[in-house]
Amino acid sequence: MLEVRDFTRAANEYETLVREEPNNAIILNNLAWLKTELGAPDAVTYARRAYEVAPESPEVADTLGWALVKDNKPDEGLTYLQKAAAARATDGNIQYHLAFALNAVGKREEALAVLQSVLAAEEKFDRRVDAEALAARLKN
């Protein structure tokens, strides 16, 4: 379902898994990510639950931060994204999320610096096109 980007069906399956394993950080985090991608109002709730179970996980911090940013809470989301980005400095997706949040709180130059750094690495990552587009907008 994820490969074909059927996020709605995948989220339904993850909701079933969460009922079976309510404290599994991986399941909670994956469901939170899916809900964020779908724009579901309960994405932050699942992301917070995952973070309560696994506060040291950069991936979980990234999901919570991104869910908060997408829920129009960029200041709060930035805290978690900074933590995730510090732990995963070469993860392009996390760095893109950080740059997006920095820009959302008015830190345009910092956002551009993050993007330039991650794009210079020329590594593939899912949000690369989005990162390139944001960098182009910030340069103008």
Side-chain angles (χ1 to χ4, degrees):
M1 287 178 260
L2 293 176
E3 283 184 28
V4 296
R5 300 185 63 80
D6 187 349
F7 293 162
T8 301
R9 282 187 52 214
N12 290 337
E13 292 298 320
Y14 272 101
E15 285 174 336
T16 300
L17 293 171
V18 163
R19 284 191 292 277
E20 294 171 10
E21 295 186 53
N23 294 314
N24 183 313
I26 295 170
I27 294 170
L28 288 165
N29 191 61
N30 289 351
L31 179 56
W33 177 81
L34 286 163
K35 296 269 188 173
T36 300
E37 292 299 304
L38 292 167
D42 56 351
V44 172
T45 300
Y46 285 107
R48 286 191 196 281
R49 284 179 56 193
Y51 190 79
E52 287 172 10
V53 176
E56 299 305 315
S57 168
E59 292 77 16
V60 170
D62 173 58
T63 300
L64 176 54
W66 188 238
L68 287 162
V69 168
K70 297 303 273 182
D71 195 39
N72 296 315
K73 297 177 182 110
D75 290 308
E76 185 181 358
L78 184 57
T79 303
Y80 297 100
L81 291 169
Q82 287 170 324
K83 178 180 178 180
R88 295 286 188 269
T90 60
D91 185 310
N93 293 314
I94 292 175
Q95 297 302 314
Y96 165 71
H97 291 162
L98 173 62
F100 188 99
L102 285 166
N103 185 53
V105 300
K107 297 182 177 184
R108 180 185 182 124
E109 280 138 25
E110 286 180 56
L112 184 56
V114 168
L115 290 169
Q116 287 173 329
S117 176
V118 73
L119 292 171
E122 297 187 21
E123 304 249 342
K124 287 186 178 184
F125 58 96
D126 294 338
R127 297 283 187 166
R128 185 172 191 86
V129 171
D130 297 328
E132 290 169 345
L134 181 56
R137 282 195 313 273
L138 294 178
K139 287 178 185 176
N140 294 327

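The residues of the chain are indexed from 1 along the displayed sequence. The basis for the numbers below is simple: all heavy atoms, side chains too, and nothing from hydrogens, waters or symmetry mates.
- Leu112 and Phe100 fall within the same hydrophobic cluster, where Ile, Leu, Val, Met, Phe, Trp and Tyr residues are linked whenever their side-chain heavy atoms come under 4.5 Å apart, directly or through other members.
- Note: Phe125 and Tyr96 fail the aromatic proximity criterion, with ring centroids not under 6.0 Å apart.
- The backbone N or O of Pro55 lies less than 3.5 Å from a partner atom in the side chain of Lys83, making a donor-acceptor pair.
- Here the CG atom belonging to Leu78 is positioned 13.5 Å from the NE2 atom belonging to His97, to the nearest 0.5 angstrom.
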Q) Is there a side chain to side chain contact (heavy atoms under 4.5 Å, CB included) between Thr8 and Asn12 once you walk through the steps? A) CA-CA 6 Å; Thr8 301; Asn12 290 337; 4.3 Å; yes
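- Sorted by first and then second residue, the salt bridge (charged side-chain N to carboxylate O under 4.0 Å, His left out) pairs with a member in residues 92-117 form an empty list; sequence neighbours excluded.
- Screening residues 64-79 for side-chain hydrogen bond (donor to acceptor under 3.5 Å, both in side chains), with sequence neighbours left out, gives Arg48-Glu76, Asp71-Lys73.
- Looking at Arg49, its side chain never comes within 3.5 Å of a backbone N or O of Ala32 through a donor-acceptor pair.
- The closest donor-acceptor contact from the side chain of Ser117 to the backbone of Ala113 lies at 3.5 Å or more, if one exists at all.
- Look at Glu132 and Arg128 and you find a salt bridge, because one of the NZ, NE, NH1 or NH2 atoms lies within 4.0 Å of a carboxylate O, short of that distance.
- With Gln95 as the partner, the side-chain contact (heavy atoms from CB on, under 4.5 Å) test is satisfied by one option alone out of Leu119, Val114, Leu115: Val114.
- We find the CD-OG1 distance between Glu59 and Thr63 to be 8.0 Å, quoted to the nearest 0.5 Å.
- In this structure, CG in Asn93 is found 12.5 Å from CG in Leu98, a value given to the nearest 0.5 Å.
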Practice task
Take Leu31 and Asn29, measure what side chain to side chain contact (heavy atoms under 4.5 Å, CB included) needs, and give me the verdict at the end.
Solution key: CA-CA 5 Å; Leu31 179 56; Asn29 191 61; over 6 Å; no
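- Inter-residue side-chain proximity for Leu28 and Val53 is flagged as met; some heavy-atom pair is nearer than 4.5 Å.
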